[in-house]
Protein chains: 2
Amino acid sequence: MKSYSFAEENYLKSIHSLSFGQPEGVSTNSIARLLNTKASSVTAMIGKLHTKELVSYEKYKGVTLTPEGEKIAIGVLRKHRLWEVFLVDKLDFKWDEVHEVAEQLEHIRSVQLTDRLDKFLGEPKFDPHGDPIPSSDGVYRENQPTCLLSDLNVGDQGVVVGVLDSSKEFLRFLSDKDLLLGTQFSVVKLFEYDESREIKFDDRTESLSQRVSTNIKIKRL
Amino acid sequence: MKSYSFAEENYLKSIHSLSFGQPEGVSTNSIARLLNTKASSVTAMIGKLHTKELVSYEKYKGVTLTPEGEKIAIGVLRKHRLWEVFLVDKLDFKWDEVHEVAEQLEHIRSVQLTDRLDKFLGEPKFDPHGDPIPSSDGVYRENQPTCLLSDLNVGDQGVVVGVLDSSKEFLRFLSDKDLLLGTQFSVVKLFEYDESREIKFDDRTESLSQRVSTNIKIKRL
DNA sequence: AAAAAAAATTAGTCTCGTCTAAAAAAAGTC
DNA sequence: GACTTTTTTTAGACGAGACTAATTTTTTTT
């Protein structure tokens, strides 16, 4: 098993995240912006990754990941998101405090560690921001941008990623219903009359008023 | 809060661990041996740490940590040992598999993380090897080298750190008695007749045959 | 106390990842 | 199509941290 430096892993991760909807390749400047470095540094690193056959590259065109490069990027992403779950679920971090620490933890090298952490956390499918966690063989599907539960129609599926109304009362209401961050659900009924919805999750069905569903941020699945 | 490189932290940690019973200062070669580097690299780093006032140093004499340097070294040690507990208690690592991973985790920078991890683990006082975990304000007492439970006399205290006989049967016996790794105990009676001992732990008293106590590795407290 | 051995330091080099400044290529504009 | 602006690449340098080889200091041996 080859192993890569923090810097290399960060570049691969950045290229991966910028690749979405960019089949042409990712631009040097966009990588530099994301990593807070200069374009010249990016060019240098791209050359290095190219030599190692982790990216495809032609001067002045963009870069794309090779299958090997993508595998590494997804591995880092998996670790990042698993650690975020750990920090939030086990150490009671708020989900907006975890990023910086997870940026460090994602580079810890140990296959055993990652897989055991995954089991320990109950093999979660989503991180605290609602982003999907790649499986150990690198399979996952990046999901849609955030929208509201009230945007969904019958048959749509989603995962809870946040709230608009963060009052004690509302959070209490959600926790009474077991509608926690990361809960996956599908919309089974929609009553035009009052815009209330029935959703199914954890093998239960619950009815939510329009008031409630306009205050829950979700991502489509 | 200043922050230090992985390399700096590793040197400080090494100097700290070599300082035990060396009030004269630690030798360049001993550090090089411990870190698998060359003496010249050590000299260079010592110069750097000296400039930052983390070590006291005079050419050709040894190095010692300043109070600031020691604070940092103990902080790293605390993180290392807490992560070892996490790996063994939560992720079911064997206690001889944890070192390499903990060497990486000990450098994660986040005071919040360390303190929350400590709480999550139940504020353990010893790591899986029986070494004491420094408190967040840096207080701890390094303990004695390993000996056998059969070496202890009435009134002595110790902590279980391993076994000589690692057969299924013996490990089963120990787990039936709740004599786990990390258990702290004191010897309350010693019967000269058969060399059996009564030990007290977790508010219980148990009697151990000579056979048993010669197979349990402990550290004195 | 002189010679030999061991330990520590200096001098000079290397790789990694970054930077600035300058040059070259691509894209946008009139 | 020529000119300007933006993007990208090259050239050259630097700091961190490691190395080898040579030198100096300390310690040990006789």
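A note on names: the letters A, B, ... follow the listed sequences, proteins ahead of strands, and every chain is numbered from 1. Every heavy atom of this structure was used, including side-chain atoms; hydrogens, water molecules and symmetry mates were not.
Computed from coordinates, the Leu49(B) CG to dA16(D) C1' distance equals 13 Å when rounded to whole Å. Rounded to whole Å, the distance from CG on Asn10(A) to C1' on dC16(C) is 14 Å. If you measure from atom OH of Tyr60(A) to atom P of dT6(D), you get 17 Å, rounded to the nearest angstrom. Look at NZ on Lys59(B): it is 8 Å from P on dT9(C), rounded to the nearest Å. Atom C1' of nucleotide dA7(C) and atom CD of Glu24(B) are separated by 16 Å, given to the nearest angstrom. If you take CD1 of Ile31(B) and P of dA7(C), they are 14 Å apart, rounded to a whole angstrom. Distance CD (Glu8(A)) to C1' (dT15(C)): 12 Å, rounded to an integer number of Å. Rounded to whole Å, the distance from CZ on Arg33(A) to P on dT7(D) is 8 Å.
Ala7(A) comes within 4.0 angstrom of the backbone, heavy atoms only, and of no base. At a threshold of 4.0 angstrom between heavy atoms, the contacts of Ser41(B) include nucleobase atoms, whether or not backbone atoms are also involved.
Remark on DNA chain C: of its neighbouring residues Asn36(A) and Ala44(B), the 5'-side contact belongs to Ala44(B), judged by nearest-heavy-atom nucleotide. Comparing Lys61(A) and Lys38(A) by the nucleotide of DNA chain C that holds the closest heavy atom to each, the one mapping nearer the 5' end is Lys38(A).
Remark: dA16(D) base-pairs with dT15(C); criterion is Watson-Crick or G-U wobble with both hydrogen-bond distances under 3.5 Å.
When the options Arg81(A), Lys79(A), Lys13(A) are evaluated for a salt bridge (Lys or Arg N to Asp or Glu O under 4.0 Å) with Glu103(A), the one that passes is Lys13(A).
At dA6(C), none of the side-chain N or O atoms of Asn29(B) fall inside 4.0 Å of OP1 or OP2 (strictly under the cut-off). Listed pair Thr28(B) / dT9(C) meets the phosphate criterion, a side-chain N or O lying under 4.0 Å from OP1 or OP2. Note on Tyr11(A): a side-chain N or O is less than 4.0 Å away from OP1 or OP2 of dT18(C).
Side-chain atoms of His80(A) and Asp127(A) form no donor-acceptor pair, as typed in the model, at a separation below 3.5 Å.
In this structure, Tyr57(B) and His50(B) have perpendicular ring planes: the angle between them is above 60°, well past the 30° mark.
Taking 3.5 Å as the limit, the base of dT10(C) and the side chain of Thr43(B) contain no donor-acceptor pair of atoms between them. With hydrogens and angles ignored, no donor-acceptor pair closer than 3.5 Å exists between the side chain of Ser40(A) and the base of dT8(D).
Annotation: Lys38(A), atom NZ; neighbour count of heavy atoms from other residues, nucleotides and ligands within 6.0 Å does not exceed 12. In Glu53(A), the CD atom is not crowded: 12 or fewer heavy atoms of neighbouring residues, nucleotides or ligands sit closer than 6.0 Å.
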